S.K.: 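Sharing a structure here in structure tokens format.
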Amino acid sequence: IETASVSGNNVSTGNLSLKTGESTADASGGVSIVSGKADEAGSIELSVSDSLDSTTAGEVRVSAGDSMVGSGGDLLASSGSGQKAGGNIVLEAGTGMLDNGGSIVLASGASATSQSGQVSIETASVSGNNVSTGNLSLKTGESTADASGGVSIVSGKADEAGSIEL
């Protein structure tokens with residue numbers, strides 16, 4: 001499924017929308033994009049092409065829904081398990097050729113009436129003989145011509161500030 005290509009100034013291609021209908025009394029339908037089972041399963045690629053003339057390339061947005069009466073939807077990303085090794089999850093910001101590289105921000109949600117959400121970064125627990133957990137590394141990049149970045153571990157300001165254990 002694709003829209004037609006166009007050429008010329010100030011001419012855009014059409015939008016492509018994949019959407020289920022709305023329901024006022026029950027659930028809306030889901031949308032599934034699945035690569036079928038096979039000896040070598042196919043990949044699914046979701047990408048925005050390069051911007052040739054604009055100052056900013058397009059975004060890829062993935063978001064879960066809000067709830068008017070309950071909890072918001074979860075956003076889940078997981079790699080596959082393997083007979084040999086599990087798959088990796090890689091989050092990498094873009095390179096800036098003439099300015100700063102992109103940032104990665106992991107932030108929990110706020111709350112108007114309770115505590116904000118937690119952010120946990122941890123390696124998996126293991127059991128058994130001669131089996132160790134993975135390392136957890138917090139490191140800034142190296143610089144050959146200027147200073148490297150610092151590492152800050154800070155407990156936020158509060159009437160009773162939280163502790164830091166190292």
Side-chain angles (χ1 to χ4, degrees), residues 1-111 115-142 149:
I1 301 173
E2 64 182 46
T3 62
S5 298
V6 297
S7 62
N9 294 335
N10 298 321
V11 180
S12 298
T13 64
N15 293 324
L16 181 63
S17 178
L18 180 62
K19 178 183 174 184
T20 63
E22 298 178 3
S23 172
T24 58
D26 206 346
S28 66
V31 175
S32 294
I33 301 174
V34 179
S35 173
K37 291 183 181 179
D39 287 341
E40 185 175 329
S43 298
I44 295 176
E45 181 176 335
L46 180 63
S47 65
V48 176
S49 290
D50 297 340
S51 175
L52 302 177
D53 224 11
S54 177
T55 57
T56 305
E59 298 178 332
V60 174
R61 292 184 187 193
V62 179
S63 61
D66 298 333
S67 172
M68 300 305 165
V69 295
S71 298
D74 293 332
L75 181 62
L76 307 172
S78 62
S79 62
S81 298
Q83 186 67 30
K84 290 184 178 181
N88 297 318
I89 296 177
V90 178
L91 297 176
E92 182 176 6
T95 300
M97 298 302 180
L98 300 176
D99 206 342
N100 294 339
S103 298
I104 295 177
V105 178
L106 296 176
S108 67
S111 173
Q115 72 180 25
S116 64
Q118 296 180 354
V119 176
S120 297
I121 300 174
E122 58 185 56
T123 63
S125 298
V126 296
S127 61
N129 295 333
N130 299 321
V131 180
S132 58
T133 64
N135 294 324
L136 181 63
S137 176
L138 187 61
K139 176 187 173 192
T140 65
E142 298 174 2

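Reckoned from all heavy atoms, side chains included, excluding hydrogens, waters and symmetry mates. This is a predicted model, so every value here is computed, not measured.
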S.K.: Go through it in stages, so that I can follow the logic: the residues are S79 and N88, the test is side chain to side chain contact (heavy atoms under 4.5 Å, CB included), and I'd like the CA-CA distance, side-chain angles, deciding distance and then a yes or no.
M.R.: CA-CA 6 Å; S79 62; N88 297 318; 5.9 Å; no

S.K.: Would you be so kind as to tabulate the donor-acceptor pairs closer than 3.5 Å made by side chains of residues 92-106, with sequence neighbours excluded?
M.R.:
none

S.K.: Nearest heavy-atom pair of S116 and A110: which atoms, and what distance?
M.R.: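 Heavy atoms of S116 and A110 come nearest at CB-CA, 4.2 Å.
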
S.K.: So, taking the atom named OG in S17 and the one named CG in N15, what distance separates them when rounded to the nearest 0.5 Å?
M.R.: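 Here the rounded value is 8.0 Å.
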
S.K.: Taking only residues two or more places apart in sequence or in another chain, which ones pass side chain to side chain donor-acceptor pair (under 3.5 Å) with E59?
M.R.: R61

S.K.: Identify the heavy atoms of G36 and A41 that sit nearest to each other, and give their distance.
M.R.: O-CB, 4.0 Å

S.K.: Residues two or more places apart in sequence or in another chain: which of them pass salt bridge (Lys or Arg N to Asp or Glu O under 4.0 Å) with K19?
M.R.: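 Residues passing salt bridge (Lys or Arg N to Asp or Glu O under 4.0 Å) with K19: E22.
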
S.K.: Give every residue pair that meets the side chain to side chain donor-acceptor pair (under 3.5 Å) criterion with at least one member in residues 40-49, sequence neighbours excluded.
M.R.: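 Listed once each, the pairs are E45-S47.
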
S.K.: Go through the structure and list residues passing side chain to side chain contact (heavy atoms under 4.5 Å, CB included) with L136, not counting sequence neighbours.
M.R.: I121, T123

S.K.: Please set out all donor-acceptor pairs under 3.5 angstrom arising from side-chain atoms of residues 66-75, sequence neighbours excluded.
M.R.:
residue : atom : partner : partner atom : Å
S67     : OG   : V69     : N            : 3.3
S67     : OG   : G70     : N            : 2.7

